[in-house]
Each structure stands twice: as C-alpha cells, then as structure tokens.
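Here is the structure we will look at, set down as structure tokens.
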Amino acid sequence: MRYCKKMLELARFHAILLLLLLNISAVSAEGIRVLKTEARIVDGRYQFSADFDISLNFVVDQALTLGVPLYFISEFTLIRPRWYWLDEVIAENEQTTKLSYNKLTRQYRITRGSLFQNFSSLGDALRVISHQSSAPMILPKMGDYIVAARMRLDITQLPKPLQVNAMATQDWNLDSNWYRWIVHPIGISAERERG
C-alpha cells in the first residue's frame, strides 16, 4: 500500500514538472530574428553584416548549462536577379560559431575555427554571436543585387539522443529564416576609379 502511494505521488510530481516545463518553454519568447543589416565597401569589395536577436528557450538554455555545446550557423548569399531566367547565385558564405559552457570555470566560450573567447555571462556571449559578417565579395556587374542573410541553430551537431528530441519538438527550432534586402553597387565603381 505504501509503495502504491509513493508511486502515485511520484507520478503526480512528474506530471506537474512536465506541465511546468511545457508552460515555461511555450511562454518565453525564444528564437532568432534579424534586427539590422548592412552592406559596406572594404578594400573595393562588399562586406555584408547582420545583427540578430538570439533568445534561447528554457530547454536549449538548460542543455547549454548542462554542458551541451550549441552550434550557430550564419549564412550570407549574394544573388543577381534575372527577369529572363532563374536568379543567379553569385556567392555564398557560411560561418559556424560554437557556444559552450564550462561548469568548472562558470564561463561561456565562443569558438570560431581555432579562435575562442570567454565570457562570464550568457548575455555577453550572445551579443557577440549576434553580430555576423560575410567574407568580402566582389560584385561582377553593375545593377541591383539581392543579399540574403540567415542564422540558425545546427541540430545535426547535437549529441545523437538530443537530435532525435530536436526533430520531434519545436524547442530546438531556432532559425531566423532568410532575410533579403537589395543592394545598389554604385559606390564600387566610384571607388575603383579613384584608386
């Protein structure tokens, strides 16, 4: 009899905990969205940048705190629109940024390739990740171009058990979707003529 009561209490506790977790992840405003985009000329080439707002939900934040590294992929695509055929992709640029947490030092670490930087708070680390720039690109012809920018959480680099969970729920779906803007490359020719 005692065993049944304890099992019933344990089942109630788990049900309440599950409801709390579901409500917390549903109520919080999570995800990635584009705040600002920019195109500027650097050494005769265009460099595109985007500022993102990154808000981690409860599930992703807890996984990070428990030592699961997160991989954010930022993508830039330069497109030349054509009225007579499909649009032409001129250049594509992709960068991966790893965000991890070290419980021993209580620091967050951003890693890009072999470079890394430590932060004492998650907010500071996310502010740095939120600003992404493309590699400099040359615009081959005059005319209007479309630049597309996107940032997403790469669930394929999560540990295998979490990948299954990530595909089954929306908690891991952090994606800004493609944001497009038009660039008029009139400043390039003027800069090349001066040089």
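In this text, all values refer to a predicted model and were calculated from it rather than measured experimentally.
- Interatomic distance, CE of Met151 versus CG of Asp53, reported as 11.0 Å (0.5 Å rounding).
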Checking side chain to side chain contact (heavy atoms under 4.5 Å, CB included) for the pair Val60/Leu174: CA distance, chi angles, key distance, verdict? CA-CA 9 Å; Val60 176; Leu174 300 178; 4.3 Å; yes
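- Taking CD1 from Ile146 and OG1 from Thr77, the interatomic distance works out to 11.0 Å, rounded to the nearest 0.5 Å.
- For the ring pair (Phe, Tyr, Trp, His ring centres under 6.0 Å) test, no residue two or more places apart in sequence or in another chain qualifies with Phe119.
- Residues satisfying the side chain to side chain contact (heavy atoms under 4.5 Å, CB included) criterion with Glu88, sequence neighbours excluded, are Arg80, Arg82, Ile90.
- Put simply, Leu162 and Ile155 are part of the same group of oily side chains (I, L, V, M, F, W, Y) that touch within less than 4.5 Å, one to the next.
- Summarising the geometry of Leu78 relative to Ile138, their closest heavy-atom pair is CD2-O, 4.5 Å, with the distance given to 0.1 Å.
- Atom CZ in Arg152 sits 8.5 Å away from atom CH2 in Trp178 (nearest 0.5 Å).
- Judged as a side chain to side chain donor-acceptor pair (under 3.5 Å), and not counting sequence neighbours, the contacts of Ser121 are Asp124.
- For CD of Gln170, the number of neighbouring non-hydrogen atoms (other residues, nucleotides, ligands) closer than 6.0 Å is 12 at most.
- Across all non-hydrogen atoms, the minimal contact from Ala63 to Trp172 is CB-CH2, 3.5 Å.
- Of the inter-residue distances, the one linking Ile32 atom CD1 with Ile54 atom CD1 reads 5.5 Å to the nearest 0.5 angstrom.
- Aromatic ring orientation, Tyr108 versus Tyr101: tilted (interplanar angle from 30° to 60°).
- Here salt bridge (charged side-chain N to carboxylate O under 4.0 Å, His left out) pairs that include residues 101-111, with residues two or more places apart or in two chains, number zero.
- Annotation: ring pair (Phe, Tyr, Trp, His ring centres under 6.0 Å) contacts of Phe76 (sequence neighbours excluded): none.
- Here the shortest heavy-atom pairing between Ile73 and Glu94 reads CG2-CG, 3.4 Å.
- The hydrophobic clustering, which links ILVMFWY residues whose side-chain heavy atoms are closer than 4.5 Å, places Met167 and Val59 together.
- The minimum heavy-atom distance linking Leu99 with Ala125 is given by the pair CD1-CB, 3.9 Å.
- Annotation for Ser133 and Asn93: closest pair O-OD1, 4.3 Å, computed over non-hydrogen atoms.
- Side-chain atoms of Ser134 come within 3.5 Å of backbone N or O of Phe48 as a donor-acceptor pair.
- Between the side chain of Asp51 and the main chain of Leu35, no donor-acceptor pair closer than 3.5 Å is present.
- A 4.5 Å side-chain heavy-atom check between Asp87 and Pro81 finds at least one atom pair inside the cut-off.
- Residues satisfying the ring pair (Phe, Tyr, Trp, His ring centres under 6.0 Å) test with Tyr145, not counting sequence neighbours, are none.
- Taking 4.5 Å as the limit, some side-chain heavy atom of Leu56 sits within range of a side-chain heavy atom of Leu122.
- With values rounded to the nearest 0.5 angstrom, Phe52 atom CZ is found 13.5 Å from Leu126 atom CG.
- A side-chain N or O of Arg112 and one of Thr97 form a donor-acceptor pair less than 3.5 Å apart.
- Across every non-hydrogen atom of Gln163 and Thr156, the tightest pair is NE2-O, 2.8 Å.
- No chain of hydrophobic side-chain contacts below 4.5 Å, direct or via other Ile, Leu, Val, Met, Phe, Trp or Tyr residues, connects Val89 to Met137.
- Going from atom CG of Asn118 over to atom CG of Asn102 covers 8.0 Å, rounded to the nearest 0.5 Å.
- Residues Tyr71 and Val68 do not share a hydrophobic cluster, clusters being chains of Ile/Leu/Val/Met/Phe/Trp/Tyr side chains in contact below 4.5 Å.
- Side-chain N or O atoms of Gln132 include none that pairs as donor or acceptor with a backbone N or O of Ser49 at under 3.5 Å.
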